[in-house]
Enquirer: 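Here it is, the structure, as structure tokens.
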4 protein chains.
Amino acid sequence: MKRRKWYSKKNLYEVIFGTDTPAGKGYDIALLVVIFISVIVAIWESTPRPSPMVKTVLTVMEYVITLIFTLEYAVRIYCHPRPKDYIFSFFGVVDLLSTLPLYLSLILPGAHYLVMIRAFRLTRVFRIFRMFTYVNEGILLMQSLKRSLSKILVYLLFVLILVTIIGTIEYVIENGEPGSGFTDLPSSIYWAIVTMTTVGYGDITPVTTTGRLLSALVMVLGYTIIAVPTGIVSANYINETRKRVKNGRCPRCGKKVEEGFKYCPHCAEKL
Amino acid sequence: MKRRKWYSKKNLYEVIFGTDTPAGKGYDIALLVVIFISVIVAIWESTPRPSPMVKTVLTVMEYVITLIFTLEYAVRIYCHPRPKDYIFSFFGVVDLLSTLPLYLSLILPGAHYLVMIRAFRLTRVFRIFRMFTYVNEGILLMQSLKRSLSKILVYLLFVLILVTIIGTIEYVIENGEPGSGFTDLPSSIYWAIVTMTTVGYGDITPVTTTGRLLSALVMVLGYTIIAVPTGIVSANYINETRKRVKNGRCPRCGKKVEEGFKYCPHCAEKL
Amino acid sequence: MKRRKWYSKKNLYEVIFGTDTPAGKGYDIALLVVIFISVIVAIWESTPRPSPMVKTVLTVMEYVITLIFTLEYAVRIYCHPRPKDYIFSFFGVVDLLSTLPLYLSLILPGAHYLVMIRAFRLTRVFRIFRMFTYVNEGILLMQSLKRSLSKILVYLLFVLILVTIIGTIEYVIENGEPGSGFTDLPSSIYWAIVTMTTVGYGDITPVTTTGRLLSALVMVLGYTIIAVPTGIVSANYINETRKRVKNGRCPRCGKKVEEGFKYCPHCAEKL
Amino acid sequence: MKRRKWYSKKNLYEVIFGTDTPAGKGYDIALLVVIFISVIVAIWESTPRPSPMVKTVLTVMEYVITLIFTLEYAVRIYCHPRPKDYIFSFFGVVDLLSTLPLYLSLILPGAHYLVMIRAFRLTRVFRIFRMFTYVNEGILLMQSLKRSLSKILVYLLFVLILVTIIGTIEYVIENGEPGSGFTDLPSSIYWAIVTMTTVGYGDITPVTTTGRLLSALVMVLGYTIIAVPTGIVSANYINETRKRVKNGRCPRCGKKVEEGFKYCPHCAEKL
């Protein structure tokens, strides 16, 4: 086997995109650490406390990280066999958006916070540590959620109409009371959502007895309603896992059966 | 086929009530947009911010929308084969109530907020986009809720008696403390509901150690109790979906079977 | 059949304790109304707003209701075949406690709020309206909860130890911060319970970054932990309903089978 | 049988470590009471209210309890057949940490709160009262949680990335508003967690309409997402209990079957 030069396209591809070789794994772990640091730097930069020295260090780090990401993005495009496939893939777009913020922030002040998109790159952690079974779990979950999506959407529309009506009634009751937070309809609908989801900030709360009575009704309603999506997803998930069990094992005795068998070799159950 | 005039009763009926023809579908979509705009206008009008010009525009829009709804309501009655059936149907009443607010607000100031009833008209969205499967999901859900209703009602009565007792005890403990929100029994019962449903506004909170101890008990109680309705609805929903599967498919092998079959053609299971 | 005098022991027993005769049903409904009014009066009396006239009316009503309850209690003892059985039954004790508060309040000021015990008498509503199926649901639920009780108790002890530890750690982190509510250990443990049950009053909240980090951990922990009792009760409830279905119907085809049958008459399943 | 002296190693071991003899049970109950008192003393000491006399009593109690625990720890090491096994066991470490705080607090002021580790010693309550079935329930629960752990971990990572993104967006929207709590990214991410878990303290709340709109979305999102871990644990727990039922009983008729049986003696089901 001819030894490839370390900077050959194929070699770079194996190291940067692959996780099978020790170098590829090491590279990905190093990258994860850099991404994690870049997120921490961005979070730290936003705090008002850092002393001028810390601020300088953070800014320098931000520049260094952006440089690393820019170089890495260029190399990824260079070494990929079909660059366009990479550029327009989910991770390709995330990688591009991870490099841009600093450049954009020179023009747009708010753009700096796009660095948080880098958080998405952390999902690579699954690929590196071969947590495929974990990913499978995630996919099974996603399927369960997807299968429930249509039901949940209908449900959400119903909830949306409900909170609009409830918010309006509470607004009519509470508006005008001194110190009341129900100053307009958007605030009242916001209050209805905050209450029904049992979040309950307490920034807007009813002060009249009538308002509190309706409020109590809404809570108990939300309390009962919270049961519905839980029931849907649970039911779907249970059915999902049951089906899997059926495929791999005999549905009667529970022992493993090979695919293609017509009868269960343990209990004679027709399969 | 004789061409009907566009303003013929039958033609109007097809366009306004039907969704099968392109015109009928287009009409319903246009109506949905108007309803949606009218809800947004009503919400916007309630905010204290709009400048005089915006306010004028919103008022004019409100008048125009009311005019459209009034005309539409008249035409619906005119073209329906049995007007009384329409007038006393759910959507007939909602349509009427959607036109009245502006007229009523000339007499009663608060009546203006009845415009929010228009939100109910948005449920037509399901009919237009033929989201029948979604509606079926909704119906299945409703059935599941209905079947659980008796249990949930017994449960709610129990909860109501419980919060009355708890609210009274906490009132006896906390009343008289400086800065305490437990000024009367209704407030205390309201606090008990806010706490047990885990909403937790924080507008009324215990300040004494004894009060906090009881409060903690109530939370953990509510925490355990929240499991009950969820369990009920989940169990009913799972049974509901299981029954359906049984009817359409063989309960043993899971393959589709036609109605009337005495044996499953795939696994010889007696049906 | 000899006609009994209306004030005969047996007749009074039938009217007061029974619900089968029209008079017995009427009496119970009238009693329910009086109980309901007495609860409303007690709640109303606690509010600081009532004008002197309203206050007088409420006080008079309280006296009248107490008189009615005292008389009723005396008659119940008089007409019951085994008075001791009634006196020491659950409803006997509740009935006694419902008459005492006014008498006690002449000696002890706080005793007045014992009137709220009358709320328990409202549970008779089930008996009157023959909501036996509702009561059955309640009993099934209670059984499901009872069967889960041992698990939930172990769980609660675990939670109690957990919140003690968490409250202490947060106390060590937050104590001494200006404006911090973590002034002592009871407050901190109370905060831990408020947080883990997702009630979240907001009367005590972390202000340091470390405190918020731990706080976020506790929330996500509570978020995951909340799933456990729900799962337990749901699972038990599903098993409970499944067993019932099995007893009354064939477990394979789902059709009704009479008790004692050895084979299902519809699908030949051995029972 | 030769009578052992009461202070013999074997006798002490039976009393201190065992719970089978009356003396062993009595000793463990007495120890539980002391542990419970020590936790209460520690909690009481932290409150700012105690009068000087109470404070002195509490300090003396703390010294006495520490002395008892120190002696007990020494005796436990002395009488254990393999002292090292005890010292490095979970309870050995907890016992050691329970004696240290007072000694450490002479050097480090904060170390005093390590006394709360004693709370862990309370878990011995299960062993003493032979609540083995309870412990079994706990173990079954733990297994159910463990089996769900991988799924829940994937889920938590997803949630972590989600709250980072949401917190950043809300920060960009709300930062700079007067009276806004969104002063930096950590606060905003903390707010996102507080909101998504439906805790909702209300210490940081959106004030702009855009911010409230996103906030409402996050709540409804969290509302739907809360269903997922519940579904997972429920499903696993149901499967867990079902498997147990299968092993001990016939899966078809539900009657008890002895191990080793090839056919159910009640319904001829092959096992």
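Lettering follows sequence order; numbering is per chain, from 1. In what follows, every heavy atom counts, from backbone to side chain, and hydrogens, waters and symmetry copies are set aside.
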Enquirer: Please classify the contact between D/Val163 and chain C as side chain, backbone, both or neither, with a heavy-atom cut-off of under 4.5 Å.
Expert: neither
Enquirer: Side chain, backbone, both or neither: which part of C/Thr195 has a heavy atom under 4.5 Å from chain D?
Expert: both
Enquirer: Who are the ring pair (Phe, Tyr, Trp, His ring centres under 6.0 Å) partners of D/Phe69, not counting sequence neighbours?
Expert: none
Enquirer: Nearest 0.5 Å please: distance from the CD1 atom of D/Ile43 over to the OG1 atom of C/Thr164.
Expert: 6.0 Å
Enquirer: Can you tell which part of C/Ser215 gets under 4.5 Å to a heavy atom of chain D, answering side chain, backbone, both or neither?
Expert: side chain
Enquirer: Looking only at heavy atoms, what is the nearest atom pair of C/Thr198 and D/Thr197, with distance?
Expert: CG2-O, 3.5 Å
Enquirer: Would D/Tyr190 and C/Thr209 count as having a side-chain donor-acceptor pair, cut-off 3.5 Å?
Expert: no
Enquirer: Measuring only between side-chain heavy atoms, which start at C-beta, is C/Pro186 closer than 4.5 Å to D/Trp44?
Expert: no
Enquirer: Within the supplied structure, the quantity of interest is the number of heavy atoms (other residues, nucleotides, ligands) at a distance under 6.0 Å from D/Phe36 CZ; does it exceed 12?
Expert: no
Enquirer: Got a donor-acceptor contact below 3.5 angstrom from the D/Ser46 side chain to the C/Leu185 backbone?
Expert: yes
Enquirer: Are any non-hydrogen side-chain atoms of C/Arg212 and D/Val194 less than 4.5 angstrom apart?
Expert: no
Enquirer: At a 4.5 Å cut-off on heavy atoms, which part of D/Ile204 comes close to chain C: side chain, backbone, both, or neither?
Expert: side chain
Enquirer: Measure distances from C/Ile189 to the heavy atoms of chain D and classify the residue's part below 4.5 Å as side chain, backbone, both or neither.
Expert: side chain
